[in-house]
Amino acid sequence: MQLDLKTIEALAPDQASLGAAAKLTKRSNWPRLETNEQFGLIWGECQGSGSNPYRVAFDTRDHGYKCTCPSRKFPCKHILGLMWIGATAPASFDRVDQTPEWVNDWLGRRRKPGQPPMQAPASSEGKSIDEAERPEQSAPVEDAAAAERREAAQRKRAEDTRSAVSAALDELDQWIADQLRLGLAGFVDSCSERCRRIAARLVDLKATALAGRIDELPARLMALRSEEKPDAAIRELGKLVVLAKAWRAAPDDAELKRLVSTSETRDQILGNPDAVQVESDWEVLGEKIETRRDGLVSHATWLLDLKSPTPRFAVLLDFFPASAGRRSGAFAPGDRFKARLVFYPSRNPLRALVAERLGDAAPGNWPAFAPDATCDPLAAYAAFQDGAPWLSDCPIILPAGAIALDEKDGAWWQAASDPHGIALPVAGSVSQTLLGLDLAATAALWNGARLELLASQSSIGRLDLS
């Protein structure tokens, strides 16, 4: 095995991964370590936090690797740990002549660098003209059998994933019940540690998207005032309960699978004939950039449809490593462009992909679709929650109003001529120059507790509030 520490350091995504890999080199973490020196392969099973160990394989000749863990780092710490043992303690591997079936399956699916496509060997014996013209029946039979095996394997993987996610939701229900039994005050005080433990367990059970949502809950609570935290915690826990019940009722629903386990790829969305497609003029309302605890940065770009008779929104969502810094986006707040968007299947289609950009759109004001003062500005949020109560941020268009500042409670948005005197609290700080300014219409995100302002139309033009 041609492995050394310099090779491992070159393949490692960061120093933290090397440190984690070094901890995994203890023999107790690896109940199985084997090698086939003839083919330059090493593999093993690494015990993680779940009940089933992760299967890890590495090709020492071209540095190909495979691990069944859900880590977003490539290579992950389990691969690096296997390489570390191979470089520093090769005697730990049991030498075998045959590789297990899961290693062979991995080898069969990958093509090594520089490897030409496999060709059928030429027969050394000649054929007669009659034999050459006679159709061969064996190849189609083999192809059909291989296709059937692949479909069976896919069905089994899907069933295994569904069973694992179902077990994850059972553990989540028990965890939420425990938090309520122990009291919300204690949960708020130690939510970071508690959420981290259940999130790690959900990752092991393949509920990765749900784990990420729970992992971000402490950061959202810490951004609130002390008196707001218990209400926000019970509201978020309630949404998790509703989401779990919805998934159990429809585990194959595309939106629920996206929120609980994994999302579709770009190609799957663009190739979906049932996906909603809208070709229109769009304006970039604003951006929402958040650094997540898993080392990724979430970059949400909110768009407004300028041709729709009623407010229609879209969000372009992207993720990239925090170590890469803030990546320059293709859009800036205030940009207007013509494009065809394809929306992810959802009860409230919102997340979208730009399938085709068709040029720039003319500048101007927003259409006059904002509700008047007699309408409830939060009616859109109520309909949004009726369709998908497990979601939080809902984009809305507010009617004419102004922003006022309260020394105790912070900034508030106040309707201009609402007979009911509706006022909504604003998240974060607001520039002093906006206070008291007449706003003809305002685009914002409402989560049931606070507004996140995106943009406004005023007498002095468009205002970027994000």
Side-chain angles (χ1 to χ4, degrees), residues 47-54 68-72 154-184 186-188 190-221 232-265 268 292-294 296 298 317 319 344-348 350-351 384-393 447-448:
Q47 187 63 53
S49 56
S51 57
N52 296 323
Y54 301 129
T68 59
C69 79
S71 174
R72 294 187 177 95
Q154 291 176 355
R155 289 193 297 268
K156 186 178 186 305
R157 285 195 297 269
E159 186 62 31
D160 291 344
T161 299
R162 180 180 298 183
S163 299
V165 172
S166 179
L169 296 181
D170 291 341
E171 294 199 17
L172 176 64
D173 287 343
Q174 183 61 53
W175 178 81
I176 293 176
D178 291 341
Q179 309 316 307
L180 298 178
R181 177 175 54 82
L182 297 174
L184 287 177
F187 172 73
V188 170
S190 59
C191 63
S192 181
E193 180 182 356
R194 296 187 187 183
C195 290
R196 174 64 72 171
R197 286 200 299 265
I198 187 61
R201 183 59 182 147
L202 294 181
V203 168
D204 291 339
L205 293 174
K206 301 183 180 181
T208 52
L210 191 58
R213 176 170 177 169
I214 295 177
D215 208 20
E216 297 303 314
L217 177 58
R220 294 195 295 271
L221 293 180
I234 195 66
R235 185 167 54 247
E236 180 61 22
L237 293 178
K239 289 181 179 295
L240 295 176
V241 171
V242 173
L243 177 59
K245 288 184 177 180
W247 185 92
R248 291 188 180 98
D252 293 327
D253 183 86
E255 179 184 11
L256 299 176
K257 289 173 65 176
R258 190 183 315 126
L259 295 173
V260 172
S261 53
T262 57
S263 177
E264 308 93 321
T265 64
Q268 288 174 332
R292 295 155 46 110
R293 295 186 64 182
D294 58 5
L296 296 178
S298 169
L317 193 58
F319 299 93
Y344 283 68
S346 175
R347 291 159 180 79
N348 301 311
L350 197 59
R351 185 181 176 184
F384 185 84
Q385 287 291 290
D386 287 342
W390 46 81
L391 299 180
S392 296
D393 291 342
N447 61 7

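Atom set for the values below is all heavy atoms of this structure, side chains included, hydrogens, waters and symmetry mates excluded. Owing to the predicted nature of the structure, the values given are computational and were not obtained by experimental measurement. Counting begins at 1 with the first residue of the sequence.
- Between Leu210 and Val165 the shortest side-chain heavy-atom distance does not fall below 4.5 Å.
- Taking 4.5 Å as the limit, every side-chain heavy atom of Arg235 sits out of range of all side-chain heavy atoms of Ser392.
- Separating the SG atom in Cys195 from the CD atom in Glu236 is a distance of 9.0 Å, to the nearest 0.5 Å.
- The residues Glu193 and Arg197 are annotated as salt-bridged, a charged nitrogen and a carboxylate oxygen being separated by less than 4.0 angstrom.
- Under the 4.5 Å side-chain criterion, counting only non-hydrogen atoms from C-beta, Glu255 is in contact with Ser346.
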(Q) With side-chain contact (heavy atoms from CB on, under 4.5 Å) as the criterion, how do Leu172 and Ile214 come out once you've worked through the C-alpha distance, each side chain's angles and the decisive distance to 0.1 Å? (A) CA-CA 10 Å; Leu172 176 64; Ile214 295 177; 3.5 Å; yes
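- Between Leu391 and Gln385, the closest heavy-atom pair is O-NE2, 3.0 Å.
- Between Asp215 atom CG and Thr208 atom OG1 the span is 12.0 Å, to the nearest 0.5 Å.
- Between Arg181 and Asp178 a salt bridge is recorded (basic side-chain N to carboxylate O distance below 4.0 Å).
- Taking 4.5 Å as the limit, every side-chain heavy atom of Trp247 sits out of range of all side-chain heavy atoms of Leu259.
- Nearest approach of Pro53 to Gln47, heavy atoms of both residues: CB-OE1, 3.9 Å.
- Across all their heavy atoms, Tyr54 and Thr68 have their closest contact at CA-OG1, 3.4 Å.
- Looking at every heavy atom in both residues, Arg213 comes nearest to Leu240 through NE-CD2, 3.9 Å.
- Using a 4.5 Å heavy-atom cutoff, the side chains of Phe187 and Leu221 are in contact.
- When side chains are defined from C-beta on, Arg347 counts as touching Asp253, because their heavy atoms get closer than 4.5 Å.
- Under the 3.5 Å distance criterion, the side-chain polar atoms of Arg258 are left unmatched by any main-chain donor or acceptor of Tyr344.
- Within the 3.5 Å criterion, the main-chain N or O of Ala207 finds no donor-acceptor partner in the side chain of Ser261.
- The shortest distance between side-chain heavy atoms of Arg162 and Asp252 falls below 4.5 Å.
- The two residues Ala167 and Leu205 make their nearest non-hydrogen contact at C-CD1, 4.0 Å.
- Nearest heavy atom pair, residue Lys257 against residue Pro251, reads CG-O, 3.2 Å.
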* Asked: Should Leu243 and Leu169 be marked as a side-chain contact (heavy atoms from CB on, under 4.5 Å) after you check the CA-CA gap, both sets of side-chain angles, and the distance that decides it?
  -> CA-CA 9 Å; Leu243 177 59; Leu169 296 181; over 6 Å; no
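- Considering only residues two or more places apart in sequence or on other chains, Arg194 meets the side chain to side chain donor-acceptor pair (under 3.5 Å) condition with Gln179, Ser190.
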| message | Under the criterion side-chain contact (heavy atoms from CB on, under 4.5 Å), I'd like the reasoning laid out for Trp175 against Arg201: C-alpha separation, chi angles, the key distance, then a yes or no. | response | CA-CA 11 Å; Trp175 178 81; Arg201 183 59 182 147; over 6 Å; no
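- The closest side-chain heavy-atom distance from Glu264 to Pro345 is below 4.5 Å.
- Between the side chains of Asp170 and Gln174, no donor-acceptor pair of N or O atoms lies under 3.5 Å.
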